[in-house]
Protein chains: 2
Amino acid sequence: PAPKVNSWNDEDYDKVIEGVKHIYKTKIKPLEVTYNFEGFHSSPLTDSDIEAKPIVLLIGQYSTGKTTFIRHLLDKSYPGEHIGVEPTTDRFVAVMHGDEERVMPGNAAAVNRDLPFNGLSRFGQAFLSRFQVSQTNSPVLQEMTIIDTPGILAGDKQRTDRGYNFTQVIDWFAQRSDLILLLFDSYKLDISDEFKTAIHSLRGQEEKIRVVLNKSDMVNQQQLMRVYGAMMWSLGKVVATPEVMRVYLGSFWTEKPPNCFEDCRDLIEAESKDLLRDLKSLRRNAAIRKVNEIVKRARLARVHALIIGHLKKEMPAMFGKKKKSAKLLANLDLEFQKIQQRHHLPPGDFPNAEKFKQNLALYDMDKFKALKEDLLVRVDEALSTDLPRIMQQFPQGNPELAEAE
Amino acid sequence: PAPKVNSWNDEDYDKVIEGVKHIYKTKIKPLEVTYNFEGFHSSPLTDSDIEAKPIVLLIGQYSTGKTTFIRHLLDKSYPGEHIGVEPTTDRFVAVMHGDEERVMPGNAAAVNRDLPFNGLSRFGQAFLSRFQVSQTNSPVLQEMTIIDTPGILAGDKQRTDRGYNFTQVIDWFAQRSDLILLLFDSYKLDISDEFKTAIHSLRGQEEKIRVVLNKSDMVNQQQLMRVYGAMMWSLGKVVATPEVMRVYLGSFWTEKPPNCFEDCRDLIEAESKDLLRDLKSLRRNAAIRKVNEIVKRARLARVHALIIGHLKKEMPAMFGKKKKSAKLLANLDLEFQKIQQRHHLPPGDFPNAEKFKQNLALYDMDKFKALKEDLLVRVDEALSTDLPRIMQQFPQGNPELAEAE
Ligand SMILES: Nc1ncnc2c1ncn2[C@@H]1O[C@H](COP(=O)(O)OP(=O)(O)OP(=O)(O)O)[C@@H](O)[C@H]1O
Ligand SMILES: Nc1ncnc2c1ncn2[C@@H]1O[C@H](COP(=O)(O)OP(=O)(O)OP(=O)(O)O)[C@@H](O)[C@H]1O
Ligand SMILES: [Mg+2]
Ligand SMILES: [Mg+2]
């Protein structure tokens, strides 16, 4: 029942990402570097920033089948995987693509600049010893990174046993995820207070959340309806939004359990297919989002270059540099307005003047580079030609419809 | 698809009710009448009070199939019934058993002492002209009275068009109902603010409510799951209790619509069967409740007789009657204690002394009847022998299990 492996291999998205990387490196980054963009906004993007895969986060009470779900998706075990009836997964595991099987401990992963986990250091040693990156060769993982998590326990046990703040860690991953799957067990529905707290902490990210009512074939149709209804009833109370969350009734196993019910098989298969399709569209969506981000960044870098170039031009050639730069700093608002008028730019494209001033105070304006036309031309080209051309490579209109064709 | 008519005819319950009526009339009522029970508690029960059938209240947006549901149950139309796609039922209709087809207008019904609708007068003429009793000969209606209601409309229309307070009327019927069925339409799920208000007004009576997701065969299985989930999600937000309401997925029609889906037929049939079984058990439950009420009433009447007899005995034979009765009144607490000690009665069985005092002040204690042993013996017999014997006639243990045998 695993997804057809080939369907995950979509070279178009690889090409898109390669294209974006190239445009950024040759047409946007030079402008950023020349005009100290890093000191005012953020450091230049690395290839791995642009390549970073969509992240799928799995959350659920223990034994709801999170790890089994991953095995189903990959059609293989990841290194260090544990599946079993007791609480088994005892740590957060980032399951990622790698040419070879490999487990990287949390400490090493958090300092690795090529991985998007540097921010996890804040949760301290108690957490890092409960985090690992598991790499394995898998076409699915070329599309996404999956975060397996320890099952949520009911009662006090978890609060006392774990040396770190579980809810905060979940929140950290959720912020960085593209999709959050909440798993429930049809056979043993159990929405503990801890689970409710975890759901609460996802507030504001509801549109990323999908619910999986797993093990749907472990109960008969009438029982499944009851369980499903009870779950929706409780979720409606916990989740503030009026929009109903998308639920998939599924059962994700690699070996069919012997005591399955078959009366909902068609439904379960249709629903599973829907979920896999949604997972498949993640990468396209992530790629679209990435192009959008780069466009935003290029526009900002352009404005930034104009500001820096303008300040440099205003500086006197020889005497009174100090006085002039103090004056520019004091009237930064006014200088911004001049630039807006000269280049017909909307004020909304400009950074916050106060914050800019604080950063500016750390620089010697005289050392700024003068505006170089060729650098500007390159970023204009990226914005007016290259990036739109990449956008056109995405299927138009409703992606689901396009896919169904 | 109507229920088997025979299964509704259960002479046992008729016998139970006849038995209760006889016991009450011969062994409890005489004590009540002799000792002015009416003046302190409530007037003697009439046969129709004891006979009163369980009431089933139907509520839902318009066109959800409330009236069609009744036609399905009765396997016939009730007099004055209207079914159609537009808002059709324009009034509250109490559908009751009668040997002949008959429509009784609201005003006549509200003054009829044999009907349990006297209290409706409070809603005024605007309401009474929108209320009727429809009688028809039906074995189902020998078991229960069904209240058909006008569909709830979305938006302002209903508040302006109706000359009475819809929510208060719903509340009045709900208080007196044994079962409240909330109907939803799978094909056109719509939970308007008005509907929410109606559900809110049922607060405190949640355990009487059952939800019917009707027209379940007008959508396919996957759509049905979505609709059902969305309904539970919304209901969970509206209904305060954590206990999930019982939902029946059903489709109650008399002529199968041409464009039905068949993929959930088994489920729908199983669920419909469950609902009909629950309806069937109503009468038994109502009979059990009735016996319980009579037991409570008999115990109260006995205590009441002891109080009145005691006060009568304390009164002097000739002089100082006024003074003595004032003293008894002032120290009623004390007199209650004496009676409790003499007859080994728990204080909890006694009425509130303050309230009793207020009623007592309206009587001349000297005119009270002395305690008659034979009346007490009769009520004791009812409590120790007759009513328990009736209770034993009910199937023991879990009624659903007993029924399945
Ligand atoms: N779809 C399924 N149908 C039936 N049984 C399942 C299914 N998925 C998983 N299981 C069983 O449920 C148990 C728990 O599975 P698994 O370890 O994957 O859950 P988990 O959510 O990862 O638990 P933990 O939170 O403890 O890591 C295992 O015995 C597994 O075989
Ligand atoms: N189970 C069903 N399947 C398909 N259609 C149905 C079903 N039940 C009722 N209908 C259709 O829905 C429409 C409304 O039915 P009905 O008049 O019984 O609803 P109602 O809830 O009583 O409406 P109102 O509130 O206006 O009185 C009718 O056209 C009826 O034939
Ligand atoms: Mg696990
Ligand atoms: Mg109607």
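Lettering of chains follows the sequences in order, A, B, ..., and the numbering in each one begins at 1.
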Handout entry: Check against side-chain contact (heavy atoms from CB on, under 4.5 Å), B/Thr68 and B/Ile83
Key = CA-CA 7 Å; B/Thr68 307; B/Ile83 288 176; 3.6 Å; yes

Exercise for the section: Verify side-chain hydrogen bond (donor to acceptor under 3.5 Å, both in side chains) between B/Asp190 and B/Gln61, making sure each step is shown before the conclusion. Expected result: CA-CA 8 Å; B/Asp190 179 11; B/Gln61 307 266 124; 3.2 Å; yes

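Residue contact with chain A, scored on non-hydrogen atoms closer than 4.5 Å, is absent for B/Val238. At a 4.5 Å heavy-atom cutoff, the contact between B/Arg246 and chain A is made by side-chain atoms alone. Contact annotation for B/Asp274: only side-chain heavy atoms (C-beta onward) come within less than 4.5 Å of a heavy atom of chain A. With a threshold of 4.5 angstrom between heavy atoms, B/Met231 does not approach chain A through any atom at all. Looking at B/Glu243, only its backbone comes within 4.5 Å of chain A, counting heavy atoms on both sides.
With chain A as the partner, the residue from B/Cys264, B/Pro242, B/Ser234 showing the most heavy-atom pairs under 4.5 Å is B/Pro242. Of the residues considered (A/Asp263, A/Thr241, A/Asn220), A/Thr241 shows the highest number of contacts with chain B, using heavy-atom pairs under 4.5 Å. Ranking A/Val247, A/Val239, A/Asp266, A/Leu224 against chain B, the residue ahead of the rest is A/Val239, based on heavy-atom pairs under 4.5 Å.
Ion pairing between a basic and an acidic side chain is recognised when a charged N comes within 4.0 Å of a carboxylate O; A/Lys215 and A/Asp185 show such pairing. Looking at A/Arg226 and B/Glu271, a side-chain N of the basic residue comes within less than 4.0 Å of a carboxylate O on the acidic one, giving a salt bridge.
Side-chain contact, A/Thr67 with A/Thr89: a donor N or O sits under 3.5 Å from an acceptor N or O.
The aromatic rings of B/Phe195 and B/Phe184 sit tilted, their planes meeting at an angle between 30° and 60°.
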